[in-house]
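The sequence lines fix the lettering, A, B, ..., with proteins before strands; numbering per chain opens at 1. Note that the coordinates shown come from a computational prediction; the quantities given were computed from them, not determined experimentally.
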There are 2 protein chains.
Amino acid sequence: MAGPERRKKPRLTGDVDGEARIIPPTRDMTYSLPSGRHLASARRREIYVHASRLFVEQGYDATSMSDIARAVKITKAGLYHFVESKEDLLFTIINWGMDELYEEVVDPARAVEDPRERLRLIIRNHLSNIGRVASPYGNPVTRVVDEASALGPERRRAVEDRKRGYFELIRNTLVQLRDRGELADGIDPTVAAHSIIGAIMWMARWRRPRGRLSLDEVIEQITALTLQGVLAAGVAD
Amino acid sequence: MAGPERRKKPRLTGDVDGEARIIPPTRDMTYSLPSGRHLASARRREIYVHASRLFVEQGYDATSMSDIARAVKITKAGLYHFVESKEDLLFTIINWGMDELYEEVVDPARAVEDPRERLRLIIRNHLSNIGRVASPYGNPVTRVVDEASALGPERRRAVEDRKRGYFELIRNTLVQLRDRGELADGIDPTVAAHSIIGAIMWMARWRRPRGRLSLDEVIEQITALTLQGVLAAGVAD
DNA sequence: CCGATCTAACCTACCGATCGGTAGGTCGCA
DNA sequence: TGCGACCTACCGATCGGTAGGTTAGATCGG
């Protein structure tokens, strides 16, 4: 396992490019994996649900295909009837999460003209997305996205491009706010955008479903706190 | 598991000289592993430095003992002459990082009476600790601490106890600020403490040594931004 | 000053377990 | 009769770790 070629060659048999949106999201209080084209059968859905859970609980590398097979009550060979490879499993799960992020956060945000309200919506919706799943380990996607380093170079870059797209949305919103004089003095939009995302993502690590505060309370707290951190005094309602 | 428990002293018999110790932001541009007790020999030091770098670059599970041996230019069996097990390597590295955190952040903070200045010192010094190492992957420790899940139950709990100690320091400081009316209205100290830590830790993920802003600039940005987020209007200088 | 002895610092060669993945079947249903 | 949904049995590679050396240099009594 020397440096550059950590993993075997990515089998890009043409399924990477035009078909980035693999899975449409569903609203669900359990792990929500939908009935998209690639996930037509209930069995397939079950596999992805259990895999994402295990990846979150144990990490991608620490989870074996046998672990996943056992969870789905199937043999490993049976599992490979539905799945091309372990990396494929990870890539699909990550893309599912990114689809959700774009549909629930990015797309609605782009429809909001006022940058202050847009920023508020982004923070609130992203937190809502992360917190919606009542797992003892937090939202699967938020944690599994971190495992993108296990992907081959092309797929990893595809994931990173979508991450960057989200980051730029926030950063551009902050630039717009600065131009209007609504950003706190001296605050750099890039640093501020990263810090906001950090505070948001961190919630997936510490929040537990049966905590003292409800999800909505936590969301309002973090939203208020991050907005006050970057907006000029008196602007943040 | 359950091997010889080579206990590392927490070194909490701190000398509180009553004066706030602000550590200089840029102290060392390489991986700084102390020449302390258990790392007496230069060879041993080399092993831990390379191991922590590889754990950060590839993750704990994805790094094999052969990888580490190769980096140190030794055979795997030779590596085991210095190291008890892979988990031991991880545990030592994590504890090294926690020692640093307590010596550079927690202990100096406990010497500061004013909660506002204490909070500012905590944020600044923690960011300084994280950013000091000029690695393309950020401070090794900050990332490796996340791998504590790979530890056995006892060791994992030991790490988590020290994490909790740090969290409570911040949370108690926020409670103290609230009692003085210096916290923003309606802000919950627990949520605020987590969010501050999130913004701090996130820096290790996005900052690159040759970025547009200097480390000191970034530190000041995040410090100002997080303080303004939680303190009452007009209080955050 | 001279061997004899000891030890830290490595080495080669190997272990059983487990990894991701596959070949080639069986079986029930359309 | 065909096919999707599985199965048993196995592959080569790699994993963390070990047994049992070799070797250079410090340490020792005489």
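- For B:L89 and D:dG17, the CG to C1' distance is 14 Å, given to the nearest whole Å.
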Which side-chain N or O atoms in residues 189-203 of chain A pair as donor and acceptor under 3.5 Å with protein atoms at least two apart or in another chain?
residue	atom	partner	partner atom	Å
A:T190	OG1	A:R171	NE	2.9
A:T190	OG1	B:R212	NH2	3.2
A:S195	OG	A:V191	O	3.0

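- Between the P atom of C:dG21 and the OH atom of A:Y80 lies a distance of 3 Å, rounded to the nearest Å.
- A cation-pi arrangement is found for A:R155 relative to A:F91, the charged atom lying closer than 6.0 Å to the ring centre and inside a 45° cone about the ring normal.
- B:R132 and B:E104 are joined by a salt bridge, as a carboxylate oxygen and a charged side-chain nitrogen come within less than 4.0 angstrom of each other.
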Tabulate below the donor-acceptor pairs under 3.5 Å that side-chain atoms of residues 74-81 of chain B make, not counting sequence neighbours, or state none.
residue	atom	partner	partner atom	Å
B:T75	OG1	B:G78	N	3.2

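- Residue A:S64 places at least one side-chain N or O under 4.0 Å from the OP1 or OP2 atom of C:dC19.
- Rounded to whole angstrom, the span from the CG atom of B:L90 across to the P atom of D:dG16 amounts to 12 Å.
- Regarding A:I47, its CD1 atom lies at a distance of 15 Å from the P atom of D:dG4, rounded to whole Å.
- In terms of heavy-atom proximity, A:L54 sits nearest to A:T63 at O-OG1, 3.2 Å.
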- prompt: What is the per-nucleotide protein-contact pattern of nucleotides 6-13 of chain D, from the 5' end, where B denotes a base atom under 4.0 Å from a protein heavy atom, S denotes such proximity for sugar-phosphate atoms only, and - denotes neither?
  reply: BBB-----

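- Counting only distance, with no hydrogens or angles, the side chain of A:E217 and the backbone of A:S214 share a donor-acceptor pair below 3.5 Å.
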